[in-house]
Amino acid sequence: MRSHGRNRARALQHRRGAAMAAALVVLLIVSLSSFALLQNLSRAQRQRSKNHWQTQSQCLAEAGIERARARLLRDQAYRGERWTMAADARASRSEDGEVEIQVELSDESATAKVIVKAKFPAARPEAALSTLQTTIKLSGKGKSS
């Protein structure tokens with residue numbers, strides 16, 4: 001009779017061990033799934049930041065072209081500049097942008113080649129860079145190409 005009780009106790013221990021192993025496997029699967037989900041979320045956040053930075057650098061480069069156009073139409077001696085677009089203090093993630101404008105006059109001085117390089121965010125090594133180039137007519141109030 002005692003051996004029958006021992007066998008029953010052993011069977012119960014085996015069931016408990018099997019249940020514990022199954023629980024550990026389920027826990028491992030849930031942990032790995034959670035880790036993969038967190039990695040995907042982190043990757044998506046980095047991509048959103050890169051897209052935001054690229055959009056910002058493109059907008060800064062376009063602003064640089066317009067700034068150069070306005071300055072050249074007022075003063076044909078303008079040769080460019082470098083400026084920093086200070087971050088908006090109200091923004092939740094404030095970052096500065098940097099713009100460099102280069103102006104090269106043509107030989108006949110009727111047009112100017114404008115090259116604008118923009119970087120956003122300026123302080124980060126992985127910043128987005130945008131470069132735009134255009135030609136601006138200097139004589140009269142003609143349109144630029």
Side-chain angles (χ1 to χ4, degrees), residues 6-145:
R6 286 183 190 159
N7 288 340
R8 194 176 240 198
R10 282 186 190 154
L12 185 59
Q13 283 179 341
H14 286 300
R15 279 191 223 141
R16 286 181 184 161
M20 178 71 81
L24 287 174
V25 167
V26 168
L27 183 61
L28 178 65
I29 291 170
V30 168
S31 296
L32 290 174
S33 297
S34 298
F35 179 72
L37 177 65
L38 288 174
Q39 271 190 322
N40 284 339
L41 289 173
S42 177
R43 190 176 306 118
Q45 178 61 35
R46 281 192 305 273
Q47 188 60 45
R48 276 193 301 274
S49 289
K50 286 180 182 181
N51 290 343
H52 170 73
W53 294 350
Q54 189 61 47
T55 300
Q56 289 295 97
S57 73
Q58 186 68 31
C59 289
L60 285 171
E62 290 171 5
I65 291 286
E66 293 307 314
R67 182 177 178 126
R69 183 184 329 266
R71 296 282 304 268
L72 276 169
L73 292 177
R74 279 195 324 255
D75 178 12
Q76 291 185 10
Y78 176 70
R79 294 296 170 263
E81 62 188 296
R82 179 183 219 115
W83 48 276
T84 300
M85 176 67 74
D88 185 354
R90 295 170 295 174
S92 60
R93 291 177 19 194
S94 58
E95 302 272 4
D96 292 345
E98 187 175 273
V99 179
E100 180 182 346
I101 302 170
Q102 298 172 352
V103 178
E104 300 170 5
L105 290 181
S106 66
D107 290 336
E108 63 275 354
S109 294
T111 61
K113 179 173 140 182
V114 177
I115 302 166
V116 176
K117 297 175 184 174
K119 180 179 177 183
F120 187 88
R124 294 190 184 227
E126 70 276 15
L129 302 172
S130 293
T131 302
L132 293 178
Q133 180 176 317
T134 192
T135 302
I136 298 174
K137 290 182 184 180
L138 298 176
S139 58
K141 296 191 179 208
K143 299 247 180 191
S144 63
S145 56

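Nothing here was measured: the structure is a model prediction, and the numbers come from that model.
Taking all atoms of both residues into account, the shortest heavy-atom contact from Lys137 to Leu73 is O-CD2, 4.0 Å. The two residues Ile136 and Ala68 have their closest heavy-atom pair at CD1-C, 4.5 Å. Across all non-hydrogen atoms, the minimal contact from Gly97 to Phe120 is CA-CD1, 3.8 Å. The minimum heavy-atom distance between Ala112 and Leu72, with the atom names listed, is CB-CD1, 3.9 Å. Scanning both residues, Val116 and Gly64, for their nearest heavy atoms gives CG2-C, 3.8 Å. Smallest separation of non-hydrogen atoms from Ser57 and Ala128: CB-O, 3.5 Å.
Side-chain contact between Glu81 and Arg71 is present, with at least one heavy-atom pair separated by less than 4.5 Å. Side-chain contact between Leu37 and Leu41: present, with at least one pair of heavy atoms (C-beta onward) separated by less than 4.5 Å.
Taken to the nearest 0.5 Å, the OG1 atom of Thr135 stands 9.5 Å off from the CD1 atom of Ile115. Separating the CG atom in Leu32 from the CG atom in Leu27 is a distance of 9.5 Å, to the nearest 0.5 Å. Here CZ of Arg82 is found 9.0 Å from CD of Gln102. Values are rounded to the nearest 0.5 Å. One distance of note links CZ of Arg124 with OG of Ser49; it measures 7.5 Å at 0.5 Å rounding. For the atom pair OG1 of Thr134 and CD of Glu62, the computed distance is 11.5 Å after rounding to the nearest 0.5 Å. To the nearest 0.5 Å, atoms CD (Glu100) and NZ (Lys117) are separated by 5.5 Å.
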Practice task
Mind running side chain to side chain donor-acceptor pair (under 3.5 Å) on Ser106 and Thr111 for me, showing each step along the way?
Solution key: CA-CA 6 Å; Ser106 66; Thr111 61; 3.2 Å; yes
Practice task
Apply side chain to side chain donor-acceptor pair (under 3.5 Å) to the pair Asn51 and Arg48, showing each step before the final yes or no.
Solution key: CA-CA 5 Å; Asn51 290 343; Arg48 276 193 301 274; over 6 Å; no
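Here Arg46 pairs with nothing under the salt bridge (charged side-chain N to carboxylate O under 4.0 Å, His left out) rule; sequence neighbours left out.
None of Lys113, Arg79, Gln76 except one satisfies the side-chain contact (heavy atoms from CB on, under 4.5 Å) rule with Leu105; the exception is Arg79.
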